[in-house]
Visitor: 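Structure incoming, see below.
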Amino acid sequence: MKLLFLGDLLGRAGRDAAIKAIPELRAKLKLDFVAVNAENASHGFGLGPDMADALFKAGADVITLGNHAWDRREIIPYIAQEKRLIRPLNYPPGTPGQGSALVTLADGRKVLIAQAMGRLFMDPLNCPFMTMDELLTRHRLGNSLHAIILDIHAEASSEKMAFGHAFDGRVSAVVGTHTHIPTADHQIFPRGTAYCSDLGMCGDYDSVIGMSKDAAIARFIRKMPGERLTPAEGPATVCGAFIETGEDGLATRIEPVRLGGRLRPTLPEV
């Protein structure tokens, strides 16, 4: 199976670039499944229902969120109905939406995608390790489940890497989101799980993690609130990872995907 996961969409620049790129990448990379993190798609804070609809129409199979899940209040009734939009699994019971989605592809194969949010330098949610372990006792990679992809939305690379190793051999891939900076540690762990600490963002890299530079710099220098951060709107780079799995659902390949904008482009050969 060939899968693509795109990192955090940041503002209009990232949104538009991803919507344009997804159909092209589906065809070029012969993709079976596409996931996108879109918690920053609306002016850098949250996701609007119309934006989610546009991403699904472009070819995204599942959209994940994160710590900005609830910044657009109108997403709450939407996520209650739309099973392809997921928020972190380790929110407390009773939180709207779901933390995982089981997708049946046109050919009958099934993909489970789940998201957890880290706790280092983040909100103190339920334990991401224990919560994910409980989910995976109910959904096992094997005959009827052809791939499992986990999105660990976290600040600390140590927590992300520990999370990846904790589930090595039980899932197809563990990929990190949230920091907006693509890491170069794409690898397959000893038991067959693909890993990358952060997919990077789909956005303008002439920025401070996607936001206009001047206001962000001023906050660091003055150490006091300034003007509201706004997304940089220059040419966006689409960033993510391409993952290929074998018959057993474990990874045989993971490679970076970068397209457009300022960063050096790279696409896997298929």
Visitor: Search all heavy atoms of Leu229 against all heavy atoms of Phe45 and return the closest pair with its distance.
Guide: O-CE1, 4.0 Å
Visitor: If you measure from CG on Asp206 to CD on Glu233, what distance do you get to the nearest 0.5 Å?
Guide: 12.5 Å
Visitor: Over all heavy atoms of both residues, which pair between Thr252 and Gly246 is shortest? Give the atoms and the distance, please.
Guide: CG2-N, 3.8 Å
Visitor: Group every Ile, Leu, Val, Met, Phe, Trp and Tyr by side-chain heavy-atom contacts under 4.5 Å, then state whether Val36 and Met117 land in the same group.
Guide: yes
Visitor: Decide whether Phe56 and Leu47 are clustered together by the hydrophobic rule: side chain heavy atoms of Ile, Leu, Val, Met, Phe, Trp, Tyr closer than 4.5 Å, transitively.
Guide: yes
Visitor: Taking salt bridge (charged side-chain N to carboxylate O under 4.0 Å, His left out) as the test, write out the residues that go with Arg84, two or more places apart.
Guide: Glu82
Visitor: With distance as the sole test, does Asp168 use its side chain to make a donor-acceptor pair with the main-chain N or O of Thr193 at under 3.5 Å?
Guide: yes
Visitor: Kindly compute the distance separating SG (Cys127) from CD (Glu134), expressed to the nearest 0.5 Å.
Guide: 12.5 Å
Visitor: State, with a plain yes or no, whether a side-chain heavy atom of Cys239 is found less than 4.5 Å away from one of Val257.
Guide: no
Visitor: What are the two closest heavy atoms between Pro231 and Leu10, and how far apart are they?
Guide: CB-CD1, 3.7 Å
Visitor: Does NZ or CZ of Arg258 come closer than 6.0 Å to the centre of the six-membered ring of Tyr205, within 45° of the ring's axis?
Guide: no
Visitor: Is it the case that the side chain of Arg26 and the backbone of Gly59 share a donor-acceptor pair, with hydrogens and angles ignored and the cut-off at 3.5 Å?
Guide: yes
Visitor: Are side-chain heavy atoms of Leu105 and Asp32 found at a separation under 4.5 Å?
Guide: yes
Visitor: Taking all non-hydrogen atoms of both residues into account, name the closest pair between Leu6 and Ala18 and its distance.
Guide: CD1-CB, 4.3 Å
Visitor: What's the verdict on side chain to side chain contact (heavy atoms under 4.5 Å, CB included) for Phe33 and Ile243, showing C-alpha distance, side-chain angles and the deciding distance?
Guide: CA-CA 10 Å; Phe33 180 87; Ile243 301 151; over 6 Å; no
Visitor: Sub-3.5 Å donor-acceptor pair from the side chain of Lys2 to the main-chain atoms of Lys30, do we have one?
Guide: no
Visitor: With a 4.5 Å heavy-atom cut-off, do Thr64 and His153 have their side chains touching?
Guide: no
Visitor: Using atom types as modelled and distance alone, determine if a side-chain donor or acceptor of Gln115 lies under 3.5 Å from a backbone N or O of Leu65.
Guide: yes
Visitor: How far apart are the closest heavy atoms of Ala114 and Ser100, and which atoms are they?
Guide: CB-CB, 3.8 Å
Visitor: Taking Glu244's backbone N and O only, do any of them form a donor-acceptor pair with Arg253's side chain (distance below 3.5 Å, no angle check)?
Guide: no
Visitor: Using 30° and 60° as the class limits, which term best fits the ring planes of His165 and Phe189: parallel, tilted or perpendicular?
Guide: parallel
Visitor: Answer yes or no: is there a side-chain heavy-atom contact under 4.5 Å between Lys28 and Val270?
Guide: no
Visitor: Counting only heavy atoms not in Arg219, do more than 12 fall under 6.0 Å of its CZ?
Guide: yes
Visitor: Any heavy-atom pair between the side chains of Asp151 and Ile113 that's under 4.5 Å?
Guide: no
Visitor: Decide side-chain hydrogen bond (donor to acceptor under 3.5 Å, both in side chains) for His180 and Asn40; before the verdict, give the C-alpha distance in whole Å, the side-chain angles of both, and the deciding distance to 0.1 Å.
Guide: CA-CA 10 Å; His180 299 191; Asn40 302 121; 3.0 Å; yes
Visitor: Less than 4.5 Å apart, any side-chain heavy atom of Glu159 and any of Pro128?
Guide: yes
Visitor: Under the side chain to side chain contact (heavy atoms under 4.5 Å, CB included) criterion, do Thr95 and Trp70 qualify, and how do the steps go?
Guide: CA-CA 11 Å; Thr95 302; Trp70 317 119; 3.5 Å; yes
Visitor: Tell me whether Leu259 is reachable from Phe5 by hopping between hydrophobic residues (I, L, V, M, F, W, Y) whose side-chain heavy atoms are closer than 4.5 Å.
Guide: no
Visitor: Between atom CG of Leu263 and atom CE of Met201, what is the distance when rounded to the nearest 0.5 Å?
Guide: 8.0 Å
Visitor: Before you tell me yes or no, could you show the steps for Leu9 and Asn37 under side chain to side chain contact (heavy atoms under 4.5 Å, CB included), namely the whole-Å CA-CA distance, both residues' side-chain angles and the distance that decides it to 0.1 Å?
Guide: CA-CA 6 Å; Leu9 272 58; Asn37 182 285; over 6 Å; no
Visitor: Give the minimum heavy-atom separation between Gly234 and Ala13, together with the two atoms involved.
Guide: O-CB, 3.6 Å
Visitor: Is the number of heavy atoms from other residues, nucleotides or ligands within 6.0 Å of CG (Asp133) greater than 12?
Guide: yes
Visitor: Can you hop from Leu102 to Leu3 via hydrophobic side chains spaced under 4.5 Å?
Guide: no
Visitor: NZ of Lys83 to CD of Gln98: how many Å apart, nearest 0.5 Å?
Guide: 4.5 Å
Visitor: Check for a donor-acceptor pair, side chain of Glu39 on one end and backbone N or O of Asn67 on the other, with a separation under 3.5 Å.
Guide: yes
Visitor: Which is it for Tyr91 and Asp123 under the side-chain hydrogen bond (donor to acceptor under 3.5 Å, both in side chains) test, yes or no, and what are the steps along the way?
Guide: CA-CA 10 Å; Tyr91 272 114; Asp123 291 337; 5.2 Å; no
Visitor: Pairing donors with acceptors under 3.5 angstrom, does anything connect the side chains of Thr131 and Asn126?
Guide: no
Visitor: Does any part of the side chain of Asp185, heavy atoms only, come nearer than 4.5 Å to the side chain of Ser157, both counted from C-beta?
Guide: no
Visitor: Does Leu112 share a hydrophobic cluster with Ile149, counting links as ILVMFWY side-chain heavy atoms below 4.5 Å and allowing steps through other members?
Guide: no
Visitor: Start with the C-alpha gap between Thr179 and Asp198, add the side-chain angles, then the distance that decides, and say whether side-chain hydrogen bond (donor to acceptor under 3.5 Å, both in side chains) holds.
Guide: CA-CA 7 Å; Thr179 68; Asp198 204 282; 2.9 Å; yes
Visitor: Check the pair Glu155, His178 against side-chain hydrogen bond (donor to acceptor under 3.5 Å, both in side chains), reporting the backbone distance first and the verdict last.
Guide: CA-CA 7 Å; Glu155 190 77 35; His178 178 64; 2.7 Å; yes
Visitor: Say you draw a straight line from CG of Asp50 to CG of Leu55; how long is it, rounded to the nearest 0.5 Å?
Guide: 10.0 Å
Visitor: For Val175, does its backbone N or O pair with a side-chain atom of Lys160 as donor and acceptor, under 3.5 Å?
Guide: no
Visitor: Quick check for you: to the nearest 0.5 Å, what is the distance between Ile22 atom CD1 and Asp61 atom CG?
Guide: 9.0 Å
Visitor: State, with a plain yes or no, whether a side-chain heavy atom of Thr266 is found less than 4.5 Å away from one of Phe242.
Guide: no
Visitor: Treating Thr237 as the side-chain partner and Gly260 as the backbone partner, does any N or O pair qualify as donor plus acceptor under 3.5 Å?
Guide: yes
